[in-house]
Amino acid sequence: MTTPPSARATTLADPDTPFAVVDVHKSLRNIERLASRADRLGVTLRPHVKTAKSLAVAALMHGGTSMPVTTSTLAEAEAFADAGYTDITYAVGIDPHKLPRVIALLRRGVTLRVLLDSREQAVSVTAAAREAGLAIPAQIEIDCDGHRGGLKPGAPELTDIGRILHEAGCLDGVLTHAGESYFAHTPYDQRLAAENERDSAVAAARRLRAAGLPVGTVSVGSTPTAHAAEDLTGVTELRAGNYVFFDLVMAGLGVCRLEDLALSVVVTVIGHRPEYGWILTDGGWMAMSRDRGTAAQPRDQGYGLVLDLAGNPIPDLVMSAASQEHGTLTARDGATLPELPVGTRLRILPNHACATAAQHRGYHVIDSSQPVGGAPAVQAKWPRINGW
């Protein structure tokens, strides 16, 4: 996604609302934080590009040089391949009907890894590989916490699946994702989740190797565990995506601070219902998404926290409800509702950056490291990184 080419905005006061804003200064700071950690842990960082769905944002992650990436759809994989990315993991269980698209990317010289957790998928992948006359790199998904798909590290069928893949030259390794880490509310619990994620993937790799099967890749990662891991011995790569923007769920877990959140949505006040204590905006769930991820946290942030246009939090003001195109702002815990006239522009911090970003065609970019005299200036171009 890119800023729509018809936009002629010079500040956040110019475009029609609602629209998404990325603070490039905060994004770069978030990117550097995890890149430094991966370097210290001695693993390859394979960012998940599903969060931003943007070539320009991805370029911030790697300084304009090629790097491994993770995608959640084949459409993302194809878009990044078109832009020159050649090392891609498609980290959703493979549907056999999609294998022709996988093979097409492999024929273009893209190393596209697929994910599976069943004998049926392994048979489909290897049959397609033999018919095409090429290897389809496949990773076996490992279930480290019961969150979603995958095999337990001790599952009897693990080595059987591995052998089916290996005999066709398709076994690439193992992959796991600590989905339950999004409910780990303390640094201690996040460290435990990171250790369990690592141990599960390494144990599965060890079983496969003991059966005489090669395991080149041992892949782990979620944004909470990536920032909590202290020892990744036996792991080859670390995946995360949300960290490029962060969001209220991550702030609620203590993975980041509110001031690290790089994505927001600009909305305009369009009405008041004083009898209900409501301020109405033109940004509903079509702008923010319907994600209510903080509802399960000690501090429920509704659909998002409210900032003024310059990015300063408005105390105790929260987006408490949403319909398709309307947002409802209310004061929390008996606080006084601020006077915000019709036409006032505000910024909303989202619960889930990935879901909110997906609601928008592109981003307007600001740089909070630059002084603000009024409405923040919209950058004419994304920053050039190492000449890219």
Side-chain angles (χ1 to χ4, degrees), residues 46 48 50 68-78 80-81 87-108 110-180 196-197 199-222 235-237 239 241:
R46 181 183 291 274
H48 207 317
K50 70 168 184 176
V69 295
T70 312
T71 69
S72 60
T73 68
L74 279 178
E76 291 169 1
E78 289 160 348
F80 275 80
D87 185 352
I88 302 172
T89 296
Y90 170 39
V92 174
I94 186 65
D95 167 9
H97 289 91
K98 296 176 182 177
L99 287 170
R101 293 170 70 185
V102 171
I103 290 168
L105 285 170
L106 292 168
R107 291 197 189 284
R108 290 171 53 183
V110 177
T111 300
L112 179 67
R113 295 170 179 83
V114 300
L115 188 65
L116 54 86
D117 64 0
S118 70
R119 190 179 190 279
E120 291 81 359
Q121 289 169 305
V123 169
S124 295
V125 166
T126 54
R130 290 187 173 105
E131 182 178 351
L134 48 75
I136 300 175
Q139 297 179 346
I140 303 174
E141 183 174 9
I142 304 303
D143 176 7
C144 67
D145 59 13
H147 176 67
R148 207 161 44 197
L151 300 172
K152 292 295 184 183
E157 61 267 41
L158 176 66
T159 52
D160 180 39
I161 292 171
R163 191 165 288 108
I164 291 169
L165 294 172
H166 175 57
E167 288 173 354
C170 295
L171 179 60
D172 182 79
V174 296
L175 176 151
T176 193
H177 168 68
E180 292 299 311
N196 179 64
E197 183 180 55
D199 292 347
S200 297
V202 170
R206 188 179 299 121
R207 281 193 64 211
L208 290 166
R209 289 169 180 148
L213 302 171
V215 179
T217 304
V218 181
S219 181
V220 305
S222 71
V235 169
T236 64
E237 68 176 30
R239 305 180 327 280

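What you are looking at is a predicted structure, and each value in this text was computed from that prediction instead of being measured. When reading the values below, keep in mind they use all heavy atoms of this one structure, side chains included, and skip hydrogens, waters and symmetry mates. Along the sequence shown, residues are numbered consecutively beginning with 1.
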Please list, chain by chain and in numerical order, all residues satisfying side chain to side chain donor-acceptor pair (under 3.5 Å) with [X], sequence neighbours excluded.
| X | result |
| --- | --- |
| Glu78 | Arg101 |
| Glu141 | none |
| Ser72 | Glu76 |
| Arg113 | Asp87, Asp172 |

Do the side chains of [Y] and [X] get nearer than 4.5 Å, heavy atoms only?
| X | Y | result |
| --- | --- | --- |
| Leu165 | Leu213 | no |
| Ile140 | Leu208 | yes |
| Val235 | Val202 | yes |
| Leu106 | Pro137 | yes |
| Val102 | Leu74 | yes |

request  = Hey, could you give me each pair passing salt bridge (charged side-chain N to carboxylate O under 4.0 Å, His left out) that has a residue in residues 128-137? Not counting sequence neighbours.
outcome  =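 For residues 128-137: none.
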task = Mind jotting down which residue pairs meet the salt bridge (charged side-chain N to carboxylate O under 4.0 Å, His left out) criterion with at least one end in residues 89-99? Sequence neighbours excluded, please.
result =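 Every pair satisfying salt bridge (charged side-chain N to carboxylate O under 4.0 Å, His left out) with a residue in residues 89-99: there are none.
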query = Which residue pairs pass the side-chain hydrogen bond (donor to acceptor under 3.5 Å, both in side chains) test with at least one member in residues 202-215, sequence neighbours excluded?
reply =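 Qualifying pairs, neighbours excluded: none.
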key: Qualifying side-chain hydrogen bond (donor to acceptor under 3.5 Å, both in side chains) pairs with a residue from residues 119-129, counting only residues at least two apart or across chains   =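 Residue pairs with at least one partner in residues 119-129: Ser118-Gln121, Arg119-Asp160.
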ask   = Who passes salt bridge (charged side-chain N to carboxylate O under 4.0 Å, His left out) against Arg108, sequence neighbours left out?
value =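 Partners of Arg108 by the salt bridge (charged side-chain N to carboxylate O under 4.0 Å, His left out) criterion, ordered by chain and then number, come out as Asp82.
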Test side chain to side chain contact (heavy atoms under 4.5 Å, CB included) applied to Ala127 - qualifying residues, sequence neighbours left out =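 If we apply the side chain to side chain contact (heavy atoms under 4.5 Å, CB included) test to Ala127, skipping adjacent residues, there are no hits.
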task = Could you list the residues that satisfy side chain to side chain contact (heavy atoms under 4.5 Å, CB included) with Ala104, not counting sequence neighbours?
result =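 Not a single residue meets the side chain to side chain contact (heavy atoms under 4.5 Å, CB included) criterion with Ala104.
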task = For Tyr90, check ring-ring contact (aromatic ring centres under 6.0 Å, His included) against everything at least two apart and list the hits.
result =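 So Tyr90 forms no ring-ring contact (aromatic ring centres under 6.0 Å, His included) with any residue.
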query = Can you find a side-chain donor-acceptor pair between Thr176 and Glu197 that sits under 3.5 Å?
reply =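 There is no such pair between these side chains.
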